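Every chain is numbered from 1 and lettered A, B, ... according to where its sequence line falls, protein lines coming before strand lines. Keep in mind it's a predicted model, so treat the numbers as computed, not measured.
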Amino acid sequence: MIYLDNAATTLKKPECVKNAVINALCNLGNPSRGAYEPSLAAARIVYSARERLAELIGAENPSRIAFGSNATDALNTAIQGILTAGDHVITTVCEHNSVLRPLYVMEERGVSLTIVGADKKGRISYDELKGSIRENTRAIVLGQASNLTGNTVDLKRVRELIGGRKILLVADAAQSFGSISPKDLTAADIVCFTGHKALMGPMGTGGIYVREGVNIRPLKTGGSGIHSFSKAHPQDMPEALEAGTLNCHGIAGLLVALDFIREVGEEEIYNKEKLLAEAFLQGIYDIKGIKIYGDLSASPRVPVVTLNMEGISSSVLCDMLWTDYKICTRAGAHCAPLMHKTLGTEKSGAVRFSFSYFNTADEVKAAVLALKEIGKSIYD
Amino acid sequence: MIKKHLYCIFTFRKTTDAMAAEKLCIREGIPGRLIPLPTEISAGCGLAWRMSAEESEKYRDFVPNYERAVIMEM
């Protein structure tokens with residue numbers, strides 16, 4: 001089997017992740033609920049994971065990282081927690097439903113929404129973004145990388161166009177965190193991330209970074225292990241955004257995955273994934289009838305290549321890749337409806353190939369060969 | 001009868017502060033350990049750093065992020 005659906009989740013994790021989760025299942029108590037060793041061991045792991053994530057993002061204070069279940073969880077927390085009726089918010093057509101749907105919910109609650117367009121290559125216009133800012137604009141919410149085209153947004157440039165205005169920049173880093181340099185994320189006030197994609201941790205891990213001085217109304221309240229006699233949920237980060245028991249078993253896996261990333265080096269990981277995606281592109285660009293989406297010449301990009309082949313539907317192509325070649329890809333709409341409309345793939349959908357650090361050049365060659373054979377079978 | 005000693009109890013606002021304090025104290029060789037917050041003391045976090053009252057005279061200023069330092073017998 002060749003797994004090329006890493007933008008959905010990285011199937012192959014560093015070996016240490018599995019061991020850390022098993023170890024956590026066997027040995028960890030509930031963090032911050034006791035001063036006995038299993039509870040303290042869990043709390044230490046959670047704290048170390050906060051430290052590593054803060055370090056990766058470039059944040060000074062680990063307390064500004066709160067854990068949740070995934071990027072969608074974090075985006076709902078951010079979007080519903082910073083906007084109120086009468087506010088204006090800006091997003092783009094490139095976004096995943098994890099951004100769009102919470103924004104539509106807020107629209108129903110009296111928030112006005114502007115959706116900035118993109119060109120046929122899926123590139124947003126920074127001028128249009130700037131021109132959309134109003135006096136009551138409270139936030140700009142956008143993905144650092146598109147899950148469909150692999151294009152990235154320059155968050156520093158977005159920060160610059162915000163200038164001195166009191167507008168929060170909320171970054172959806174689901175596809176980018178762990179793939180491209182996370183240093184740009186410091187331009188954002190709020191970063192929503194998942195642990196199970198490029199960070200190579202277990203599913204059910206993720207979280208939110210909130211810049212010092214930014215307050216978010218919590219979506220959930222409940223047990224926190226602190227201030228038990230207070231009627232109100234704690235307001236200090238990270239407990240403010242963490243109600244109930246954390247997924248400590250998953251966080252234990254995420255922590256060692258973060259250690260692995262640090263050991264290998266973010267740059268090394270990015271370069272390898274980039275080379276794999278580029279080799280794939282080079283191998284397929286001249287296949288007859290192939291249509292590849294996105295701004296392929298831009299840099300940085302995340303290692304995602306999305307395409308269609310004339311004469312075969314995306315769902316059939318995806319299924320043939322699996323049944324005939326045991327290659328895992330994703331077909332369909334990829335939860336990005338407005339991006340598909342912009343690319344003209346609303347009806348056809350598209351097939352997405354996404355690479356990870358653990359893919360190999362041979363796997364890329366096999367995928368290229370498979371597409372060539374399928375292409376040949378259509379036209380011969 | 002359980003023999004009592006005089007300790008300095010450092011309280012914290014939240015668990016993250018307690019964990020950061022433990023990490024630094026261990027790294028810097030500051031004596032003590034995390035204990036459940038004594039019921040006589042009120043604080044946000046259920047964890048507290050305990051060291052002997054005698055040692056606290058030397059190390060008190062090196063414990064980070066603490067909310068209060070309380071001398072008590074326990």
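- Judged as a side chain to side chain contact (heavy atoms under 4.5 Å, CB included), and not counting sequence neighbours, Glu60(A) has no contacts.
- When the shell of 6.0 Å around CD of Glu263(A) is examined, it contains 12 or fewer heavy atoms from other residues, nucleotides or ligands.
- With rounding to the nearest 0.5 Å, the separation of OG1 in Thr16(B) from CG in Asn61(A) is 9.0 Å.
- Of the atoms belonging to Leu47(B), it is side-chain heavy atoms, and not backbone ones, that fall under 4.5 Å from chain A.
- Contact annotation for residues 232-253 of chain A against chain B (heavy-atom separation below 4.5 Å, listed by residue number): Asp236(A), Met237(A), Pro238(A), Glu239(A).
- Annotation: side chain to side chain contact (heavy atoms under 4.5 Å, CB included) contacts of Glu57(B) (sequence neighbours excluded): none.
- Contact residues of residues 38-52 of chain A toward chain B are Leu40(A), Ala43(A), Arg44(A), Tyr47(A), Ser48(A), Arg50(A), Glu51(A) (heavy-atom distance under 4.5 Å).
- Pro62(A) is not listed as a side-chain neighbour of Met19(B), based on a closest heavy-atom distance of 4.5 Å or more.
- Of the atoms belonging to Arg13(B), heavy atoms from both backbone and side chain fall under 4.5 Å from chain A.
- Proximity to chain A (any heavy atom under 4.5 Å) is shown, for Ala48(B), by neither the backbone nor the side chain.
- Counted within 6.0 Å of OH on Tyr36(A), heavy atoms from surrounding residues, nucleotides or ligands total more than 12; the atom is thus considered enclosed.
- Remark: Glu28(B) CD is packed, more than 12 non-hydrogen atoms of other residues, nucleotides or ligands lying under 6.0 Å away.
- At most 12 heavy atoms of other shown residues, nucleotides or ligands fall within 6.0 angstrom of atom CE in Met203(A).
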